[in-house]
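Please read all numbers here as calculations on a predicted model, not as lab measurements. Each chain gets a letter, A, B and so on, in the order its sequence line appears, and its residues count up from 1.
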Amino acid sequence: MSSSLKVTLPDGTILDLPPGATTLDVASKIGAGLARAAVAGKVTRDGHSEIMDLSRPLPGDCCIKILTKSDDDPDALYVLRHSTAHVMAEAVCKLFPETQLVYGPPLEDGFYYDIDLPRSITPEDFAAIEAEMARIVKEDRKFTRLEMNRADGMAKLAAEQNRYKVDNAERAEGDTLSFYVTGDRCGQDFEDLCRGPHIPSTGVIGAFKVRQVSGSHYRGDVNDQRLQRVYGTAFFKKASLAAHLEQLEQAKARDHRVIGQELGLFTIDPLVGSGLILWKPKGATIRLLLEEHLRGKLREQGYQPVFSPHVGRLELYRTSGHFPYYRDSQFPPLYETETARLLNELWIALYEADKAGAADPLAGGVAKLLDELRIADPPKHAELVADPAKPDARRLASGPGHAAQNLQLVREHLQQSDGFLLKPMNCPHHVRIYASEPRSYKDLPIRLAEFGTVYRYEQSGELSGLTRVRGFTQDDAHLFCTPEQLPHELDACLSLTRYVLDMLGLGQYRVRIGLHDPKDPKFIHNPEGWRRAEEAIRVAAAASGMAATEEVGEAAFYGPKIDFVVKDCIGRQWQLGTVQVDYNLPERFNLTYVGPDNRPHRPVMIHRAPFGSMERFVGILIEHFAGAFPLWLSPVQMAVVTVSEKSDAYAREVHEKLRVAGFRAELDLSSEKIGPKKHRHRQAKVNYILVVGESEAAKGEVNVNDRDGKTLGNRPLEAFIEECRRESEERKA
RNA sequence: GCCACCGUAGCUCAGUUGGCAGAGCAGCGGUUUUGUAAACCGCAGGUCGUCGGUUCGAAUCCGACCGGUGGCUCCA
């Protein structure tokens with residue numbers, strides 16, 4: 001062990017310090033000002049970085065970056081907010097002594113603390129919590145780290161009788177447990193089991209706010225204890241908090257639900273149903289322009305159009321696996337007859353009894369359904385249920401080992417009378433289009449495209465404007481190809497998805513590789529299929545050069561996927577485009593093509609949707625542009641505004657010429673002054689406002705104004721049309 | 001679905017301890033003939049989300065439901 005510690009600073013300087021030196025010692029050695037501003041140290045050793053308390057001894061030779069009171073440094077804010085979470089927790093415990101603390105991490109823009117408290121915390125409590133926090137901050141108490149060996153620590157926690165902390169500690173790594181005391185009077189001041197790091201003292205917290213409270217569940221498990229999650233945020237400087245809150249306010253003005261209402265793009269009507277979008281003409285125009293543009297691209301890339309209906313037989317979805325597995329998020333099935341309903345319920349009950357490994361598949365729920373069937377349809381009941389005197393292979397069998405046979409039997413009876421499902425996905429329909437004729441390897445790849453509307457019964461609490469709905473249209477396509485063609489096709493799908501995002505200037509997306517979780521039964525069991533599909537996905541993502549994160553459990557139930565994820569105006573993340581590889585549905589539907597060897601082969605499927613859902617995409621786009629769409633997408637591109645009635649005739653002429661030239665123009669002959677008229681069209685985000693008065697009429701000109709309030713001056717109408725034509729064709733975002 | 005909050009005119013909002021339902025903007029009709037962010041006069045617009053309860057009397061208090069917002073959970 002060396003007698004001194006070598007500490008490398010970000011600029012490359014190496015400092016020698018005595019063993020046991022702390023980050024604060026490093027800061028002090030550099031300068032007293034830095035020591036005052038320091039809040040923690042980011043210590044890097046062996047390529048591994050860790051943020052440490054100012055007062056903790058450095059672990060050995062290392063690189064160090066001193067984190068200071070800077071609202072521009074995410075690391076510094078992370079530490080600050082973690083500490084502020086402790087302060088808030090103390091305040092809540094003081095006000096509500098029966099509070100049990102659970103977990104309080106920092107977030108990207110603040111922090112939360114999960115608490116177990118019988119009484120509901122409401123926004124009215126925030127002022128009292130903040131006042132208590134302000135007191136703690138004013139006392140400028142030191143954060144003191146306390147380490148204990150695991151046994152002592154566990155004993156201490158057991159004495160506190162807080163199951164959550166005991167749980168947390170049990171899951172913590174290492175032989176020691178650490179606690180942080182907010183103050184230096186251990187045993188008296190507030191303390192919490194915590195890994196750290198923390199700011200040196202509460203006085204460092206310059207500004208904070210308790211923002212909201214919501215429900216949560218312990219460890220994210222709906223069956224576990226319900227908790228309250230109190231959210232807050234903190235900054236070093238008051239001005240930063242004010243700026244942050246101001247920014248949140250401004251973000252709200254971009255909200256597509258607000259803009260959609262103001263600009264008359266869409267509406268959601270309770271009488272029609274929650275989560276069902278009514279596209280008004282202006283919103284429909286935007287969507288249609290996007291669809292038309294993509295259709296052109298698809299033609300270029302060899303896609304073929306198809307159309308399929310909004311419903312399909314339940315048998316279709318039993319084959320695909322959609323039914324009954326995801327029936328909680330499907331609209332209820334439409335049954336042809338009461339017998340069909342009961343047989344379907346029976347099939348589901350048998351299916352679930354089998355999954356659950358029930359000893360007797362005909363017991364419990366199944367028996368009850370059979371009783372119902374006996375009353376509703378005695379002949380069908382007789383056909384299904386065995387006479388104990390005469391065993392028969394064509395009857396339902398009790399006892400273990402008959403699950404597959406029973407399921408098959410009910411399914412056969414369902415051929416006579418079944419039910420329908422509002423389609424949750426387009427793929428089963430497209431698969432049947434593929435299967436409708438013999439396919440040769442020479443025909444592959446076959447790319448079937450449809451703007452297909454699907455219906456999913458999302459939980460009521462999930463619905464949100466255009467971004468989470470119950471009926472939406474996917475710019476869907478299914479590609480059927482040979483395994484050899486897969487990499488090339490995947491690559492083309494990824495490029496297309498990136499093309500649409502880049503075209504609209506949506507550059508801030510995250511790429512997520514969704515993989516299946518072998519432990520989760522919701523994924524189709526086909527290890528080899530998953531292996532090949534996930535391999536293909538990884539290779540394609542890597543080849544595209546995009547930085548992607550792999551997330552286990554995020555796959556579709558039939559295959560892994562690459563998702564393009566964007567954030568909305570309040571920071572929520574939404575999946576837009578998606579590209580998925582599927583070895584499973586071709587198997588379930590027994591799809592084939594004839595290969596060069598004159599033998600049948602199994603095709604591979606790609607599911608892909610560059611926009612994802614038209615609803616969600618347009619919602620995100622509204623927020624991206626704050627309603628001010630580029631010329632080519634704008635529902636109202638220009639408004640012709642008269643100075644007075646004297647120019648009405650000329651205004652009509654201008655309006656008509658714009659219309660003939662293919663533009664979407666509005667004519668405003670109202671008898672107001674041009675100030676308020678112009679103001680109104682600017683509010684409506686009309687790209688160009690053309691003021692026409694007597695002088696314009698005399699010269700055949702228009703006076704061009706943009707929606708930002710700038711007057712661009714006069715020019716001949718023809719010249720303006722030409723300018724707009726160019727701008728529109730450029731599709732500048 | 002769960003927790004919290006919210007629901008008054010098309011929009012934004014006011015409405016006192018329970019006592020006749022209000023404003024601005026938008027709309028419509030006039031007047032004005034207007035030169036770049038708001039001319040004037042008038043009219044109309046309401047089952048105060050719905051249903052039930054308490055009360056002499058409910059937008060207001062209570063309950064249930066519907067719808068919305070934020071979060072949780074979910075998201076094939």
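Between K522(A) and the phosphate of C75(B), there is a side-chain N or O to OP1/OP2 separation shorter than 4.0 Å. Residue K677(A) has no polar side-chain atom (N or O) positioned under 4.0 Å from OP1 or OP2 of U36(B).
Using P as the reference atom, C56(B) and C48(B) are 22 Å apart when rounded to the nearest Å.
The side-chain ring of Y326(A) is stacked on the base of A76(B), judged by centre separation under 5.5 angstrom and plane angle under 30 degrees.
In a base pair of the Watson-Crick type (N1 to N3 plus N6-O4 or O6-N4) or a G-U wobble (N1-O2 and O6-N3), with each distance short of 3.5 Å, A58(B) is matched with no nucleotide. In this entry C28(B) has G42(B) as its Watson-Crick or G-U wobble partner, both defining distances falling under 3.5 Å.
In this structure, I689(A) reaches neither bases nor backbone, as no heavy-atom distance under 4.0 Å exists between it and the strands shown. Using a 4.0 Å heavy-atom cutoff across all strands shown, R572(A) reaches sugar-phosphate atoms only and no base atom. Within the 4.0 angstrom heavy-atom criterion, only backbone atoms of the sugar-phosphate kind lie near G220(A); the bases stay farther away. Residue contacts for Q330(A): at a heavy-atom cut-off of 4.0 Å it reaches a base atom on one of the strands shown. Here Y112(A) lies out of heavy-atom contact (under 4.0 Å) with every strand.
Look at CG on N703(A): it is 8 Å from C1' on G35(B), rounded to the nearest Å. Straight-line distance from the CG atom of L248(A) to the P atom of G71(B): 11 Å, rounded to whole Å.
Counting heavy-atom neighbours within 6.0 Å of Y78(A) OH, excluding the residue itself, gives a total of 12 or less. Annotation: Y103(A), atom OH; neighbour count of heavy atoms from other residues, nucleotides and ligands within 6.0 Å does not exceed 12. Atom CZ of F557(A) sits in a crowded spot, with more than 12 heavy atoms from other residues, nucleotides or ligands closer than 6.0 Å.
When each of G70(B), C2(B), A4(B) is scored by its nearest atom to the side-chain atoms of S214(A), the top-ranked nucleotide is G70(B). Candidate nucleotides C5(B), G67(B), G70(B) were compared by shortest atom distance to the side chain of P123(A), and C5(B) ranks first. Listed nucleotides: G71(B), C74(B), A76(B). Nearest to the side chain of Q212(A): G71(B). You'll find that the side chain of Y558(A) is closest to A76(B), out of C3(B), A76(B), U73(B). Between C72(B), U73(B), A76(B), one nucleotide has an atom nearer to the side chain of R229(A) than all others, and that is C72(B). Candidate nucleotides U34(B), C75(B), A4(B) were compared by shortest atom distance to the side chain of T122(A), and A4(B) ranks first. The side chain of E694(A) has G35(B) as its nearest neighbour among A76(B), G70(B), G35(B). For I570(A), counting side-chain heavy atoms from C-beta on, the closest listed nucleotide (C74(B), U33(B), G70(B)) is G70(B).
Looking at R318(A) and D418(A), a side-chain N of the basic residue comes within less than 4.0 Å of a carboxylate O on the acidic one, giving a salt bridge.
Of the residues in residues 615-623 of chain A, not one comes within less than 4.0 Å of RNA chain B through any heavy atom.
In terms of position on RNA chain B, the residue among S274(A) and S670(A) whose nearest nucleotide sits closer to the 5' end is S670(A).
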Its contact letters, B for base, S for sugar-phosphate only and - for none at protein heavy atoms under 4.0 Å, make nucleotides 37-43 of chain B read BSB----
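One N or O donor and one acceptor, one from the side chain of R468(A) and one from the base of C75(B), sit under 3.5 Å apart. Side-chain N/O atoms of E462(A) and base N/O atoms of C72(B) include a donor-acceptor pair closer than 3.5 Å. At a cut-off of 3.5 angstrom, counting only N and O atoms as typed in the model, there is no donor on one side facing an acceptor on the other between the side-chain of S120(A) and the base of A4(B).
Among the candidates I433(A), D476(A), V431(A), the single residue satisfying the side chain to side chain contact (heavy atoms under 4.5 Å, CB included) test with L448(A) is I433(A).
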